[in-house]
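Notes for the one structure printed next.
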Amino acid sequence: MSFVTSARDGAVAVIRFGEPPVNSLGRETRLALAGEIAAAIADPAVLAIVLCGRNGLFSAGADIREFGTPAMLAAPNLGDLIVLVESSPKPVVAALEGTCLGGGLELALGCHYRVASDGAKLGLPEVKIGLLPGAGGTQRLPRLIGVENALNVILGGEALPAKLFVGSPLLAALVAGDPVPAAVTLAAERGPLHRDGEPLPKARDRSAAGPNVEPLLLFARNTARAAYAAYPAPLKCIDAIEAAATKSFDEGLATERSLFVELMFTPVSKALRHAFFAERATSKIADVPESTPLRAVNSAAVIGAGTMGSGIALTFLSAGIPVHLLETSDEALQRGVARIRQTIEGQVKKGRLTLEAATTRGALLKPTLHYEDLADADILIEAVFEEMGVKQQVFARLDQVAKAGAILATNTSTLDVDAIAAVTSRPADVIGTHFFSPANIMKLLEVVRGRSTAKDVLATTMRLAKTLRKTAVVSGVCDGFIGNRMIEQYIRQALFMLDEGASPMQIDAAVEAFGFAMGPFRMSDLAGNDIGWHIRKRRLVEHPEIIYSEVADRLCELGRFGQKTGAGWYDYRKGDRNAYPSPVVDALIATHRTSLGCAQRVIDAREIVDRLVYALVNEAAKILEEGIAQRASDIDMVYLTGYGFPVYRGGPMCYAEEVGLYTVVLRMQEFSRNPHGDPAFWTAAPLLARLAANGGAFNSVGARS
Ligand code: 3HC
Ligand code: NAI
């Protein structure tokens, strides 16, 4: 099906293009567009051409799915198409509305004139997917708006309001509403003038050179090196912009092209493109169609006003949804309310919220000690102690008071959602909403689908997550769901390495150099070491055969729960969040090591990172094969948004594939020869072993993205 049409308005050919949903410039569109443009150029009755997008937007740019495939290079490529437009002897006017990004904007920059609607957003976001604008954007934009502005647009990668470009040669006019009539008027005016010999204005004929270019580039390079050390694209963008200012247009274009191709095949760009699609795939659920009717969620209730309950309530308040907050005692309730109010006041002090908005938010909070007050809530989220008995009591009570059709959610981080649902008369309305701490800040929300959870409950919760500005990932029921089930194996390896000779600081430093926001010991100190202790105690009852290092239990026996007690794996000082190495912990680890008869050895950073990351990957492969996660990219999103995994590595599954699954399994076999700890730990998950043996990929398993 062709998504390109051409119509005549007097002597103006109006060519509309665009494939839903975002009018990306894939091969078919480029081919059809080139055909219509060539036809208009050849038609003697046409004096000028207007290019516009369908469906209220111009274009989101190149089709990212084509990258790295032959379709991307197949003629006409985007560069060819832009040359066709720019070299047209008849003026081409781009009518910009809605989104005009990446290759879409580059196509417009190749036109002779641009008219934009006042609602249009323009930008070159390629840097966000590890690339640079590769269809002339780095050469034409500086020639139209100057090097400094072009650096800001290209390195920032943001979609900017068209009005910012008024007064520059980038925009001939800004109009209210539909830009096409104004573009047609301009084209009709200009057509005869250019036919009669007036030269066509082309970005390529302008100069980007200037006296202040050198210091601007130096400043940009220093900033990019400091702020984006792991990302190659920003420096390459600067190199390309430098070429615009110092070389001929054609030489600059050649420089841009070779830098673009270089970036396209970097693991960083592949990872960022993977993350782009992974984020969008999370909301797709194989057996829950997008047309599933949703339940209304206009009010909420949170049960338990502790760390998580108050954070969850804040999240609803920020989205403008009224929240009842219930506790067992007035003292606990007031503590929770004070925490919420302090956070809102803090936002006002930092200038992030107006006093008026803060007052409105505060008024939406309805503290209570009575379950009856929760009867009007559309969703009720339990965030009480992590104990099955307590949670079941709360759910039995919610079942009595909640209105018919209300969603009953639990914030449990490990417990069986089906067992919680079983105490209610409506298990179909029960779901897990596993927020991460601090709940009002962390992007990730694991949505736990119980055995009986109704499809509309799941669909409604996923939609609600968008309203709450969370990235929601669906998980099946298992101990720890996706994220915590994997992190438990990662922590087990981290503790074994303490026994073998590494220090908490050495392990954290290795993992942080790999790109994690925080190493395992700083993370545990932040979350509270007592949480893991509690889980290990339960685990030992359920699985007495489990092998783990008891060094963390020894730490907890000293009351060193982490930042909240001023001491954990590190020492902390009042008013200072820095972690200081602790002689007490060093001695504790040494004593424990001696008691095990484990010889101390030097563990290098490579081994630390491989053991920790492959521990995640192996558990993830089990999670994927069991159908707990729908697809490998969902697991990556959990780690990118909830566990500080480096975005530029795309998540554990993407990283493992970049390394090669065969190589990962070989390395695991090497680790299994280490007698300390649990050699069986490194038995490759059946799925991982299979894929490694036959050269398969994780994304061949589960739902398609
Ligand atoms: N190529 C292929 N698919 C794209 C796409 C693109 N450039 N942009 C968006 N899509 C897809 C999304 O994957 C999604 O697909 P799905 O429905 O199957 O999940 C669908 O379009 C809708 O996208 P969103 O869910 O993101 O919709 P929003 O309305 O929230 O956002 C948007 C729209 C602002 C256009 C956002 O999608 C976006 O930022 N897209 C990327 C823009 C971009 O990076 N452009 C540069 C491309 S690279 C380039 O042009 C190279 C050139 O320099 C040579
Ligand atoms: P918390 O101890 O800070 O708060 C629990 C609150 O629940 C307390 O204020 C307590 O008074 C209240 N409470 C206990 N029984 C109650 C009942 N019957 N009715 C009403 N209120 C009751 O605990 P936290 O950390 O907020 O954890 C809550 C839940 O969230 C747990 O299931 C936990 O596993 C989960 N979770 C915790 C995370 C964390 O990092 N703290 C992260 C993600 C989930």
Side-chain angles (χ1 to χ4, degrees), residues 19-26 57 59-67 72 77-79 82 98-107 121 123-129 131-138 154 157-159 256-257 260 264 272-273 276-284 290 302-312 325-329 331-333 335-336 339 369 371 381-391 393-395 397-398 410-415 432-439 442 444 446 466 481 483-484 526-528 530-531 534-535 642 704-705:
E19 184 178 353
V22 294
N23 299 353
S24 60
L25 292 159
L57 75 152
S59 167
D63 184 343
I64 305 171
R65 288 187 193 271
E66 276 186 356
F67 287 0
M72 185 185 107
N77 65 32
L78 197 48
I82 295 171
T99 300
C100 180
L101 297 177
L105 179 58
E106 291 176 294
L107 174 61
K121 290 273 185 78
L124 293 172
E126 286 86 344
V127 73
K128 294 189 172 176
I129 48 172
L131 296 172
L132 53 74
T138 64
I154 292 171
E158 297 303 324
E256 178 196 88
R257 191 77 210 148
F260 179 78
M264 172 73 66
L272 294 175
R273 273 146 40 206
F276 175 85
F277 288 116
E279 186 174 1
R280 283 152 184 84
T282 54
S283 57
K284 298 184 175 71
E290 282 183 21
V302 175
I303 300 91
T307 310
M308 294 308 289
S310 38
I312 296 168
L325 183 64
L326 181 136
E327 259 292 348
T328 45
S329 72
E331 199 193 340
L333 186 61
R335 257 200 318 270
R339 200 177 294 138
L369 295 171
Y371 272 90
I381 303 181
E382 162 280 307
V384 305
F385 300 138
E386 184 73 347
E387 277 167 34
M388 183 55 88
V390 181
K391 296 217 187 263
Q393 264 176 21
V394 169
F395 269 76
R397 193 76 184 91
L398 293 181
T410 169
N411 188 52
T412 178
S413 35
T414 50
L415 299 175
T433 49
H434 182 211
F435 287 83
F436 285 68
S437 182
M442 293 294 287
L444 179 61
E446 277 184 326
K466 281 200 175 137
F481 315 122
N484 283 349
L526 184 65
D530 49 327
I531 295 181
H534 184 73
I535 293 172
R704 307 301 301 177
S705 53

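One is the number of the first residue; the rest follow in order along the sequence. Computed over heavy atoms, backbone and side chain alike; hydrogens, waters and symmetry mates excluded. Both counts, for ligands and for their atoms, begin at 1 and track the order of listing.
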Can you tell me how far the OG1 atom of Thr414 sits from the NE2 atom of His434, to the nearest 0.5 Å?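 Result: 8.0 Å between the selected atoms.
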Rounded distance (nearest 0.5 Å) linking atom CD1 of Ile303 with atom OG1 of Thr410: 9.5 Å
Validation row: Glu382, Met308 side chains within 4.5 angstrom (heavy atoms): no
Could you tell me whether the side chain of Leu124 reaches within less than 4.5 Å of the side chain of Leu105, counting heavy atoms only?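 A side-chain contact under 4.5 Å exists here.
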Establish, for the pair Arg273 and Phe277, whether the NZ or CZ atom is under 6.0 angstrom from the six-membered ring centre and no further than 45 degrees off its axis.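 Not satisfied by the 6.0 Å and 45° rule.
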Measure and list all N/O to N/O distances between ligand 2 and the protein that fall under 3.5 angstrom.
unit_1, atom_1, unit_2, atom_2, d
ligand 2, 3 (O), Thr307, N, 3.0
ligand 2, 3 (O), Thr307, OG1, 3.1
ligand 2, 9 (O), Glu327, OE2, 2.5
ligand 2, 11 (O), Glu327, OE1, 2.9
ligand 2, 11 (O), Glu327, OE2, 3.2
ligand 2, 26 (O), Thr307, N, 3.3
ligand 2, 26 (O), Met308, N, 2.8
ligand 2, 30 (O), Asn411, ND2, 2.9
ligand 2, 32 (O), Val384, O, 3.3
ligand 2, 32 (O), Glu386, OE1, 2.5
ligand 2, 32 (O), Lys391, NZ, 2.6
ligand 2, 34 (O), Glu386, OE1, 2.9
ligand 2, 34 (O), Ser413, OG, 2.7

In a simple table, one pair per line, please give the protein and ligand 1 atom names for every N or O pair closer than 3.5 Å, along with the distance.
unit_1, atom_1, unit_2, atom_2, d
ligand 1, 1 (N), Ala62, O, 3.4
ligand 1, 1 (N), Ile64, N, 2.9
ligand 1, 7 (N), Ala62, O, 2.8
ligand 1, 19 (O), Lys284, NZ, 2.6
ligand 1, 26 (O), Arg280, NE, 2.6
ligand 1, 26 (O), Arg280, NH2, 3.2
ligand 1, 45 (N), Ala60, O, 2.8
ligand 1, 50 (O), Ala62, N, 2.9
ligand 1, 50 (O), Gly103, N, 2.8
ligand 1, 53 (O), Glu106, OE1, 2.7
ligand 1, 53 (O), Glu126, OE2, 2.6
ligand 1, 53 (O), Gly134, N, 3.0

Would you find a donor on one side and an acceptor on the other, under 3.5 Å apart, between the side chain of Ser59 and the backbone of Asn23?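 At least one qualifying donor-acceptor pair exists.
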If I compare all heavy atoms of Met72 with all of Glu66, which pair ends up nearest, and what's the gap?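 It is CB-O, 3.5 Å.
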Please step through side chain to side chain donor-acceptor pair (under 3.5 Å) for the pair Ser24 and Glu19, ending with a clear verdict. CA-CA 6 Å; Ser24 60; Glu19 184 178 353; 5.2 Å; no
Show your working on salt bridge (Lys or Arg N to Asp or Glu O under 4.0 Å) between Lys391 and Glu386 and close with a plain yes or no. CA-CA 7 Å; Lys391 296 217 187 263; Glu386 184 73 347; 3.6 Å; yes
